[in-house]
Amino acid sequence: MIRKLFLIYTFLYINGSSSMKLENNKYNNYKYYYVKGDASALDHVKNYMLDKDESFLYIGDIKSAQVIVPPELNSAFLEIAKNDKVNATLLYDDIAEVIRAEKPSILRSKKRGFSWDAYYDVNDIYKYLSNISKTYPQWTEEIVGGKTYEGREIRGLRINTPAAEGVEKPVFFIESGIHAREWIAPATTTYFINQLLTSSNPNVTRLRDQFDWRIFPTVNPDGYHYSYVVDRYWRKTRSISSNGCIGADPNRNWDYNWGQYSSSDNPCDYQVYAGSRPFSEIETKTLSSYISGIDNLLFYVAFHSYASLLLLPYSDSTEHVHNYEDLVQIGKASLEYGYKVNEEKYSGPGTAAETLYKASGGSMDWVRYALNTPLVFTYELRGSSFHWPAERIPEQGEEVTQMMLGLAIEAENLGYFYSDSSLSLK
Ligand SMILES: *[C@@H]1O[C@H](CO)[C@@H](O)[C@H](O)[C@H]1NC(C)=O
Ligand SMILES: *[C@@H]1O[C@H](CO)[C@@H](O)[C@H](O)[C@H]1NC(C)=O
Ligand SMILES: *[C@@H]1O[C@H](CO)[C@@H](O)[C@H](O)[C@H]1NC(C)=O
Ligand SMILES: [Zn+2]
(Lines give C-alpha, C1' and ligand atoms only; values in the text may rest on other atoms or scores of the structure.)
(Ligands and ions follow the chains in the order given, each with its own letter.)
Protein backbone atom coordinates (compact mmCIF):
# COMPACT_ATOMS: atom_id res chain seq x y z
CA MET A 1 0.00 0.00 0.00
CA ILE A 2 1.31 3.37 -0.94
CA ARG A 3 1.25 5.72 1.97
CA LYS A 4 0.08 8.97 0.59
CA LEU A 5 1.63 12.20 1.71
CA PHE A 6 -0.54 15.22 1.45
CA LEU A 7 1.22 18.41 0.59
CA ILE A 8 -0.52 21.16 2.41
CA TYR A 9 0.84 24.40 1.17
CA THR A 10 0.60 26.96 3.87
CA PHE A 11 0.03 30.27 2.32
CA LEU A 12 0.75 32.97 4.80
CA TYR A 13 0.00 36.58 4.51
CA ILE A 14 -0.35 39.46 6.83
CA ASN A 15 -3.47 41.53 6.58
CA GLY A 16 -4.45 44.73 8.36
CA SER A 17 -5.00 43.03 11.68
CA SER A 18 -1.84 40.93 11.36
CA SER A 19 -3.73 37.67 11.48
CA MET A 20 -2.42 34.67 9.64
CA LYS A 21 -4.46 32.39 7.45
CA LEU A 22 -3.96 28.91 6.17
CA GLU A 23 -5.20 28.19 2.69
CA ASN A 24 -6.77 24.88 1.82
CA ASN A 25 -4.66 23.64 -1.09
CA LYS A 26 -4.77 19.98 -0.22
CA TYR A 27 -6.88 19.15 -3.25
CA ASN A 28 -4.76 20.71 -5.99
CA ASN A 29 -5.62 18.96 -9.27
CA TYR A 30 -7.86 16.45 -7.55
CA LYS A 31 -10.91 15.48 -9.56
CA TYR A 32 -14.45 15.11 -8.29
CA TYR A 33 -16.59 12.44 -9.91
CA TYR A 34 -20.19 11.47 -9.47
CA VAL A 35 -20.45 7.72 -9.91
CA LYS A 36 -23.34 5.42 -10.69
CA GLY A 37 -23.50 1.68 -11.09
CA ASP A 38 -24.80 -1.35 -9.28
CA ALA A 39 -23.85 -1.72 -5.65
CA SER A 40 -21.38 -4.55 -6.08
CA ALA A 41 -19.58 -2.77 -8.96
CA LEU A 42 -19.32 0.40 -6.89
CA ASP A 43 -17.98 -1.62 -4.00
CA HIS A 44 -15.40 -3.25 -6.18
CA VAL A 45 -14.19 0.10 -7.52
CA LYS A 46 -14.01 1.48 -4.03
CA ASN A 47 -12.02 -1.43 -2.61
CA TYR A 48 -9.68 -1.58 -5.58
CA MET A 49 -8.89 2.12 -5.21
CA LEU A 50 -8.51 1.97 -1.43
CA ASP A 51 -6.06 -0.82 -1.91
CA LYS A 52 -3.99 1.39 -4.19
CA ASP A 53 -4.20 4.33 -1.86
CA GLU A 54 -5.85 4.31 1.55
CA SER A 55 -6.55 8.04 1.38
CA PHE A 56 -8.83 7.63 -1.65
CA LEU A 57 -12.04 9.38 -0.70
CA TYR A 58 -15.33 7.69 -1.45
CA ILE A 59 -18.52 9.29 -0.17
CA GLY A 60 -21.47 7.07 -0.82
CA ASP A 61 -25.09 6.86 0.13
CA ILE A 62 -28.13 5.20 -1.32
CA LYS A 63 -28.80 7.92 -3.86
CA SER A 64 -25.32 8.47 -5.26
CA ALA A 65 -21.61 8.28 -4.64
CA GLN A 66 -18.90 10.83 -5.06
CA VAL A 67 -15.24 10.10 -5.40
CA ILE A 68 -12.30 12.41 -4.91
CA VAL A 69 -9.41 11.27 -7.06
CA PRO A 70 -5.79 12.44 -6.66
CA PRO A 71 -4.16 13.28 -10.02
CA GLU A 72 -1.76 10.32 -9.94
CA LEU A 73 -4.66 7.87 -9.52
CA ASN A 74 -6.92 9.31 -12.18
CA SER A 75 -6.10 6.89 -14.98
CA ALA A 76 -6.28 3.88 -12.66
CA PHE A 77 -9.66 5.06 -11.48
CA LEU A 78 -11.07 5.58 -14.97
CA GLU A 79 -9.85 2.18 -16.04
CA ILE A 80 -11.36 0.25 -13.17
CA ALA A 81 -14.60 2.24 -13.48
CA LYS A 82 -14.79 1.34 -17.17
CA ASN A 83 -14.05 -2.34 -16.55
CA ASP A 84 -16.67 -2.51 -13.83
CA LYS A 85 -19.27 -0.62 -15.92
CA VAL A 86 -19.47 2.16 -13.40
CA ASN A 87 -20.58 5.45 -14.92
CA ALA A 88 -18.25 8.20 -13.74
CA THR A 89 -19.27 11.77 -14.49
CA LEU A 90 -16.62 14.40 -13.91
CA LEU A 91 -18.10 17.22 -11.83
CA TYR A 92 -14.94 19.21 -11.10
CA ASP A 93 -11.61 18.99 -12.84
CA ASP A 94 -9.61 20.72 -10.12
CA ILE A 95 -11.15 20.74 -6.68
CA ALA A 96 -8.69 23.31 -5.31
CA GLU A 97 -9.95 25.72 -7.95
CA VAL A 98 -13.54 25.16 -6.83
CA ILE A 99 -12.61 25.74 -3.19
CA ARG A 100 -10.83 28.99 -4.04
CA ALA A 101 -13.94 30.23 -5.83
CA GLU A 102 -16.04 29.49 -2.74
CA LYS A 103 -14.14 31.94 -0.57
CA PRO A 104 -14.15 35.71 -0.69
CA SER A 105 -11.08 37.30 -2.16
CA ILE A 106 -9.05 39.16 0.43
CA LEU A 107 -9.76 42.48 -1.19
CA ARG A 108 -13.47 41.92 -1.45
CA SER A 109 -13.94 40.74 2.12
CA LYS A 110 -12.11 43.81 3.43
CA LYS A 111 -14.20 46.14 1.37
CA ARG A 112 -17.67 44.72 1.83
CA GLY A 113 -17.80 42.77 5.04
CA PHE A 114 -20.11 39.79 5.30
CA SER A 115 -22.22 38.91 2.28
CA TRP A 116 -23.99 36.01 0.57
CA ASP A 117 -21.85 35.62 -2.52
CA ALA A 118 -19.02 33.77 -0.76
CA TYR A 119 -18.55 31.29 2.08
CA TYR A 120 -17.02 32.61 5.30
CA ASP A 121 -15.05 31.01 8.11
CA VAL A 122 -16.39 30.72 11.67
CA ASN A 123 -14.89 33.95 12.97
CA ASP A 124 -16.52 35.94 10.20
CA ILE A 125 -19.87 34.27 10.84
CA TYR A 126 -19.53 35.10 14.53
CA LYS A 127 -18.58 38.70 13.70
CA TYR A 128 -21.69 38.92 11.56
CA LEU A 129 -23.87 37.68 14.45
CA SER A 130 -22.28 40.15 16.79
CA ASN A 131 -22.63 43.04 14.35
CA ILE A 132 -26.23 42.27 13.54
CA SER A 133 -27.15 41.91 17.22
CA LYS A 134 -25.75 45.40 17.82
CA THR A 135 -27.79 46.72 14.93
CA TYR A 136 -31.03 45.44 16.50
CA PRO A 137 -30.24 45.51 20.22
CA GLN A 138 -33.87 45.80 21.37
CA TRP A 139 -34.88 42.35 20.22
CA THR A 140 -31.82 40.33 19.32
CA GLU A 141 -29.08 38.95 21.48
CA GLU A 142 -26.06 36.78 20.92
CA ILE A 143 -26.49 33.42 22.62
CA VAL A 144 -24.12 30.59 23.43
CA GLY A 145 -25.47 27.07 22.93
CA GLY A 146 -22.37 25.18 24.01
CA LYS A 147 -18.65 24.72 23.81
CA THR A 148 -16.25 22.89 21.52
CA TYR A 149 -13.23 20.66 21.92
CA GLU A 150 -10.90 23.39 20.70
CA GLY A 151 -12.41 25.90 23.09
CA ARG A 152 -14.75 27.79 20.80
CA GLU A 153 -18.27 28.77 21.73
CA ILE A 154 -21.25 27.52 19.74
CA ARG A 155 -22.71 30.93 19.08
CA GLY A 156 -26.10 31.82 17.79
CA LEU A 157 -28.65 34.57 17.68
CA ARG A 158 -31.88 34.94 19.57
CA ILE A 159 -34.55 37.04 17.89
CA ASN A 160 -37.51 37.84 20.05
CA THR A 161 -39.59 40.87 19.19
CA PRO A 162 -41.86 42.28 21.92
CA ALA A 163 -45.06 40.34 22.56
CA ALA A 164 -48.23 41.37 24.32
CA GLU A 165 -48.11 41.40 28.11
CA GLY A 166 -48.01 37.88 29.54
CA VAL A 167 -47.61 36.12 26.18
CA GLU A 168 -44.80 33.64 25.93
CA LYS A 169 -44.00 32.89 22.32
CA PRO A 170 -43.19 29.36 21.15
CA VAL A 171 -39.52 28.75 20.50
CA PHE A 172 -38.27 27.98 17.00
CA PHE A 173 -34.81 26.41 17.13
CA ILE A 174 -32.52 26.13 14.09
CA GLU A 175 -29.46 23.90 14.14
CA SER A 176 -27.18 24.16 11.16
CA GLY A 177 -23.78 22.97 10.04
CA ILE A 178 -23.44 19.98 12.36
CA HIS A 179 -21.57 18.34 9.46
CA ALA A 180 -18.59 20.52 8.76
CA ARG A 181 -18.34 20.16 4.96
CA GLU A 182 -21.98 21.04 4.27
CA TRP A 183 -21.13 24.71 3.81
CA ILE A 184 -24.42 25.74 2.25
CA ALA A 185 -26.16 25.07 5.60
CA PRO A 186 -24.47 27.86 7.62
CA ALA A 187 -24.61 30.22 4.62
CA THR A 188 -28.34 29.65 4.18
CA THR A 189 -28.92 30.07 7.89
CA THR A 190 -27.22 33.47 8.08
CA TYR A 191 -29.16 34.45 4.95
CA PHE A 192 -32.37 33.49 6.73
CA ILE A 193 -31.36 35.48 9.83
CA ASN A 194 -30.78 38.46 7.58
CA GLN A 195 -34.20 38.03 6.00
CA LEU A 196 -35.91 37.86 9.39
CA LEU A 197 -34.17 41.04 10.46
CA THR A 198 -34.26 43.14 7.32
CA SER A 199 -37.08 41.95 5.06
CA SER A 200 -39.98 44.30 4.51
CA ASN A 201 -42.19 41.48 3.23
CA PRO A 202 -45.07 41.40 5.73
CA ASN A 203 -45.18 37.59 5.60
CA VAL A 204 -41.58 37.45 6.76
CA THR A 205 -41.94 40.09 9.47
CA ARG A 206 -44.98 38.23 10.74
CA LEU A 207 -42.95 35.01 10.80
CA ARG A 208 -40.25 36.83 12.77
CA ASP A 209 -42.78 38.10 15.29
CA GLN A 210 -44.51 34.77 15.84
CA PHE A 211 -41.58 33.03 17.50
CA ASP A 212 -38.80 33.32 19.99
CA TRP A 213 -36.01 32.29 17.60
CA ARG A 214 -32.82 30.50 18.63
CA ILE A 215 -30.65 30.16 15.54
CA PHE A 216 -27.22 28.51 15.42
CA PRO A 217 -25.54 28.75 12.00
CA THR A 218 -22.65 26.42 12.83
CA VAL A 219 -22.97 23.97 15.72
CA ASN A 220 -19.69 22.24 14.80
CA PRO A 221 -17.41 25.25 14.48
CA ASP A 222 -14.14 23.35 15.06
CA GLY A 223 -14.96 20.99 12.22
CA TYR A 224 -16.16 23.81 9.97
CA HIS A 225 -12.98 25.79 10.54
CA TYR A 226 -10.87 22.72 9.76
CA SER A 227 -12.91 22.16 6.62
CA TYR A 228 -12.38 25.81 5.71
CA VAL A 229 -8.63 25.91 6.13
CA VAL A 230 -7.35 22.33 5.74
CA ASP A 231 -9.66 19.57 4.52
CA ARG A 232 -12.76 20.67 2.60
CA TYR A 233 -14.43 17.25 3.08
CA TRP A 234 -14.06 17.11 6.86
CA ARG A 235 -17.35 16.16 8.47
CA LYS A 236 -16.67 15.38 12.12
CA THR A 237 -15.65 17.19 15.30
CA ARG A 238 -11.93 17.62 16.13
CA SER A 239 -11.64 15.66 19.39
CA ILE A 240 -8.71 13.28 19.72
CA SER A 241 -9.48 9.62 20.42
CA SER A 242 -7.37 7.40 22.66
CA ASN A 243 -5.75 5.85 19.57
CA GLY A 244 -4.86 9.25 18.13
CA CYS A 245 -7.49 9.43 15.40
CA ILE A 246 -9.46 12.62 15.19
CA GLY A 247 -13.11 13.50 15.34
CA ALA A 248 -16.52 11.90 15.81
CA ASP A 249 -19.63 12.39 13.71
CA PRO A 250 -21.64 14.81 15.84
CA ASN A 251 -24.86 13.64 14.22
CA ARG A 252 -24.27 10.07 15.38
CA ASN A 253 -23.32 11.02 18.91
CA TRP A 254 -26.65 11.92 20.57
CA ASP A 255 -28.06 9.70 23.28
CA TYR A 256 -30.85 8.01 21.40
CA ASN A 257 -30.32 4.50 20.05
CA TRP A 258 -26.65 5.46 19.85
CA GLY A 259 -24.36 3.41 17.65
CA GLN A 260 -26.92 1.24 15.90
CA TYR A 261 -27.31 2.19 12.24
CA SER A 262 -25.01 3.91 9.75
CA SER A 263 -22.41 4.57 12.39
CA SER A 264 -18.96 3.21 13.03
CA ASP A 265 -17.14 2.25 16.22
CA ASN A 266 -13.78 2.87 14.58
CA PRO A 267 -12.32 6.22 15.70
CA CYS A 268 -10.40 6.42 12.42
CA ASP A 269 -13.54 6.24 10.30
CA TYR A 270 -13.46 9.40 8.20
CA GLN A 271 -17.21 9.87 8.26
CA VAL A 272 -19.48 8.18 10.78
CA TYR A 273 -17.51 7.31 13.93
CA ALA A 274 -20.22 7.61 16.60
CA GLY A 275 -17.84 8.64 19.39
CA SER A 276 -16.71 6.58 22.39
CA ARG A 277 -20.13 6.81 24.08
CA PRO A 278 -23.35 8.84 23.73
CA PHE A 279 -22.55 12.54 24.14
CA SER A 280 -18.81 11.87 24.22
CA GLU A 281 -18.41 15.06 22.20
CA ILE A 282 -18.50 18.27 24.18
CA GLU A 283 -20.44 19.92 21.34
CA THR A 284 -23.40 17.53 21.52
CA LYS A 285 -23.25 17.30 25.31
CA THR A 286 -23.37 21.06 25.86
CA LEU A 287 -25.79 21.79 23.04
CA SER A 288 -28.23 19.10 24.20
CA SER A 289 -28.14 20.53 27.67
CA TYR A 290 -28.81 24.01 26.29
CA ILE A 291 -31.78 22.70 24.30
CA SER A 292 -33.15 20.85 27.36
CA GLY A 293 -33.26 24.15 29.19
CA ILE A 294 -35.60 25.79 26.67
CA ASP A 295 -39.21 26.04 27.81
CA ASN A 296 -41.86 26.04 25.16
CA LEU A 297 -39.80 24.51 22.36
CA LEU A 298 -42.20 24.01 19.45
CA PHE A 299 -40.03 23.76 16.32
CA TYR A 300 -36.64 22.08 15.97
CA VAL A 301 -35.21 22.33 12.47
CA ALA A 302 -31.82 21.06 11.29
CA PHE A 303 -30.11 21.95 8.01
CA HIS A 304 -27.81 19.58 6.14
CA SER A 305 -26.79 19.15 2.52
CA TYR A 306 -27.24 17.81 -0.08
CA ALA A 307 -30.16 15.73 -1.39
CA SER A 308 -33.24 18.02 -1.65
CA LEU A 309 -35.04 16.05 0.99
CA LEU A 310 -37.21 16.66 4.04
CA LEU A 311 -36.83 14.16 6.86
CA LEU A 312 -39.05 13.43 9.83
CA PRO A 313 -38.29 11.54 13.05
CA TYR A 314 -37.20 8.88 13.68
CA SER A 315 -34.17 8.30 11.50
CA ASP A 316 -33.59 4.73 12.54
CA SER A 317 -37.07 3.31 12.44
CA THR A 318 -39.97 3.05 10.04
CA GLU A 319 -42.40 3.40 12.92
CA HIS A 320 -44.21 6.68 12.95
CA VAL A 321 -44.48 9.20 15.78
CA HIS A 322 -47.98 9.92 17.07
CA ASN A 323 -48.39 13.21 15.17
CA TYR A 324 -46.73 11.87 12.01
CA GLU A 325 -49.67 12.85 9.80
CA ASP A 326 -49.43 16.43 11.04
CA LEU A 327 -45.69 16.46 10.40
CA VAL A 328 -46.33 15.28 6.86
CA GLN A 329 -48.98 17.92 6.28
CA ILE A 330 -46.82 20.71 7.72
CA GLY A 331 -43.77 19.44 5.85
CA LYS A 332 -45.69 19.34 2.56
CA ALA A 333 -46.81 22.92 3.03
CA SER A 334 -43.19 23.87 3.64
CA LEU A 335 -42.04 22.18 0.44
CA GLU A 336 -44.86 23.81 -1.55
CA TYR A 337 -43.79 27.24 -0.34
CA GLY A 338 -40.17 26.47 -1.16
CA TYR A 339 -41.08 25.15 -4.61
CA LYS A 340 -42.55 28.52 -5.62
CA VAL A 341 -39.10 30.11 -5.41
CA ASN A 342 -37.01 27.96 -7.77
CA GLU A 343 -39.33 25.10 -8.71
CA GLU A 344 -36.98 22.75 -6.94
CA LYS A 345 -38.73 19.53 -6.01
CA TYR A 346 -37.74 18.05 -2.67
CA SER A 347 -38.37 14.42 -1.79
CA GLY A 348 -40.37 13.57 1.29
CA PRO A 349 -41.45 14.45 3.83
CA GLY A 350 -40.78 11.06 5.33
CA THR A 351 -38.63 9.26 7.85
CA ALA A 352 -34.97 8.82 6.99
CA ALA A 353 -35.44 5.09 7.30
CA GLU A 354 -37.98 5.22 4.47
CA THR A 355 -36.46 7.87 2.21
CA LEU A 356 -32.67 7.73 2.68
CA TYR A 357 -31.12 5.20 5.00
CA LYS A 358 -31.37 4.32 8.69
CA ALA A 359 -29.07 6.31 10.92
CA SER A 360 -28.85 6.38 14.71
CA GLY A 361 -27.70 8.95 17.23
CA GLY A 362 -28.87 12.04 15.36
CA SER A 363 -29.90 15.31 16.99
CA MET A 364 -33.42 15.37 15.59
CA ASP A 365 -34.27 11.95 17.03
CA TRP A 366 -32.91 12.83 20.45
CA VAL A 367 -34.81 16.12 20.57
CA ARG A 368 -38.03 14.39 19.62
CA TYR A 369 -37.55 11.44 21.97
CA ALA A 370 -35.99 13.06 25.01
CA LEU A 371 -37.82 16.38 24.94
CA ASN A 372 -41.02 15.37 23.17
CA THR A 373 -40.71 18.42 20.92
CA PRO A 374 -43.82 18.43 18.71
CA LEU A 375 -42.46 19.68 15.38
CA VAL A 376 -39.06 18.32 14.37
CA PHE A 377 -37.65 18.42 10.84
CA THR A 378 -34.34 17.87 9.04
CA TYR A 379 -33.76 19.47 5.66
CA GLU A 380 -31.18 18.18 3.24
CA LEU A 381 -30.69 21.27 1.11
CA ARG A 382 -30.09 21.28 -2.65
CA GLY A 383 -27.06 20.38 -4.69
CA SER A 384 -25.27 17.54 -6.39
CA SER A 385 -22.07 17.83 -4.37
CA PHE A 386 -20.75 19.52 -1.24
CA HIS A 387 -19.95 22.50 -3.46
CA TRP A 388 -22.85 24.83 -4.10
CA PRO A 389 -21.78 27.89 -6.13
CA ALA A 390 -21.27 30.78 -3.76
CA GLU A 391 -22.99 33.28 -6.04
CA ARG A 392 -26.12 31.14 -5.81
CA ILE A 393 -26.39 31.10 -1.99
CA PRO A 394 -29.36 33.54 -2.13
CA GLU A 395 -31.37 31.05 -4.21
CA GLN A 396 -31.32 28.54 -1.39
CA GLY A 397 -31.67 31.32 1.17
CA GLU A 398 -34.92 32.50 -0.43
CA GLU A 399 -36.17 28.95 -0.72
CA VAL A 400 -35.48 28.23 2.94
CA THR A 401 -37.17 31.46 4.00
CA GLN A 402 -40.30 30.36 2.18
CA MET A 403 -40.02 26.82 3.55
CA MET A 404 -39.91 28.18 7.12
CA LEU A 405 -42.93 30.33 6.32
CA GLY A 406 -44.77 27.24 5.08
CA LEU A 407 -43.96 25.37 8.28
CA ALA A 408 -45.30 28.14 10.48
CA ILE A 409 -48.46 28.73 8.47
CA GLU A 410 -49.49 25.09 8.40
CA ALA A 411 -48.60 24.50 12.05
CA GLU A 412 -50.80 27.44 12.98
CA ASN A 413 -53.61 26.07 10.79
CA LEU A 414 -53.38 22.80 12.70
CA GLY A 415 -53.55 24.59 16.04
CA TYR A 416 -50.01 24.02 17.27
CA PHE A 417 -49.86 27.65 18.29
CA TYR A 418 -51.87 30.83 18.06
CA SER A 419 -49.76 33.77 17.23
CA ASP A 420 -51.88 36.64 18.34
CA SER A 421 -53.01 36.11 21.86
CA SER A 422 -52.84 33.04 24.02
CA LEU A 423 -50.74 30.18 22.98
CA SER A 424 -51.50 26.53 23.32
CA LEU A 425 -49.40 23.56 22.40
CA LYS A 426 -50.96 20.28 21.42
C1 LIG B 1 -23.75 8.08 -17.59
O2 LIG B 1 -23.18 9.41 -17.62
C3 LIG B 1 -23.64 10.22 -18.67
C4 LIG B 1 -22.92 11.56 -18.55
O5 LIG B 1 -21.56 11.39 -18.69
C6 LIG B 1 -25.13 10.40 -18.58
O7 LIG B 1 -25.58 11.17 -19.65
C8 LIG B 1 -25.81 9.04 -18.57
O9 LIG B 1 -27.19 9.22 -18.40
C10 LIG B 1 -25.26 8.15 -17.47
N11 LIG B 1 -25.86 6.83 -17.54
C12 LIG B 1 -26.30 6.16 -16.47
C13 LIG B 1 -26.85 4.81 -16.71
O14 LIG B 1 -26.22 6.61 -15.34
C1 LIG C 1 -22.77 45.62 10.31
O2 LIG C 1 -24.17 45.81 10.18
C3 LIG C 1 -24.56 46.96 9.46
C4 LIG C 1 -26.08 47.09 9.52
O5 LIG C 1 -26.73 45.89 9.20
C6 LIG C 1 -24.04 46.87 8.03
O7 LIG C 1 -24.39 48.05 7.31
C8 LIG C 1 -22.53 46.71 8.07
O9 LIG C 1 -22.04 46.51 6.75
C10 LIG C 1 -22.15 45.52 8.92
N11 LIG C 1 -20.71 45.41 9.03
C12 LIG C 1 -20.05 44.26 8.76
C13 LIG C 1 -18.59 44.30 8.94
O14 LIG C 1 -20.62 43.25 8.39
C1 LIG D 1 -47.73 36.56 1.53
O2 LIG D 1 -48.35 35.30 1.62
C3 LIG D 1 -49.58 35.20 0.88
C4 LIG D 1 -50.23 33.88 1.20
O5 LIG D 1 -49.33 32.82 1.04
C6 LIG D 1 -49.27 35.38 -0.60
O7 LIG D 1 -50.41 35.30 -1.37
C8 LIG D 1 -48.58 36.73 -0.80
O9 LIG D 1 -48.19 36.88 -2.15
C10 LIG D 1 -47.37 36.88 0.10
N11 LIG D 1 -46.86 38.23 0.01
C12 LIG D 1 -45.60 38.50 -0.37
C13 LIG D 1 -45.23 39.95 -0.40
O14 LIG D 1 -44.77 37.65 -0.63
ZN1 LIG E 1 -25.20 16.20 7.07
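First listed ligand is number 1; within each ligand, the first listed atom is number 1. Each residue takes its place number in the sequence, starting with 1. Worth knowing before you read on, the calculation uses all heavy atoms, side chains too, and leaves out hydrogens, waters and symmetry mates.
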Answer yes or no: is there an ion pair linking D209 with R206, defined by an N-O contact shorter than 4.0 Å?
-> no
If you measure from the Lys or Arg side-chain nitrogens to the Asp or Glu carboxylate oxygens, is any gap between K31 and D94 under 4.0 Å?
-> no
Atom name of the N, O or S atom in H304 that lies nearest to the Zn ion (ligand 4) | ND1
For the Zn ion (ligand 4), the closest N/O/S atom belonging to H179 = ND1
Classify the angle between the aromatic ring planes of W139 and Y136 as parallel (below 30°), tilted (30 to 60°) or perpendicular (above 60°).
-> tilted
Are any N, O or S atoms from E182 nearer to the Zn ion (ligand 4) than 2.8 Å?
-> yes
Backbone or side-chain N or O of K340 under 3.5 Å from ligand 3 N or O = no
Nearest protein heavy-atom contact for [atom]: which residue, which atom, what distance?
| atom | value |
| --- | --- |
| atom 6 (C) of ligand 3 | N203 ND2, 4.2 Å |
| atom 14 (O) of ligand 3 | N201 ND2, 3.0 Å |
| atom 5 (O) of ligand 3 | Y337 OH, 3.1 Å |

Looking at atom 11 (N) of ligand 3, would you say a protein heavy atom lies below 4.0 Å from it?
-> yes
Sub-4.5 Å side-chain heavy-atom contact between S292 and W366 = yes
Donor on one side chain, acceptor on other, S40 and D38, under 3.5 Å | yes
F173 and F216: aromatic ring centres closer than 6.0 Å?
-> yes
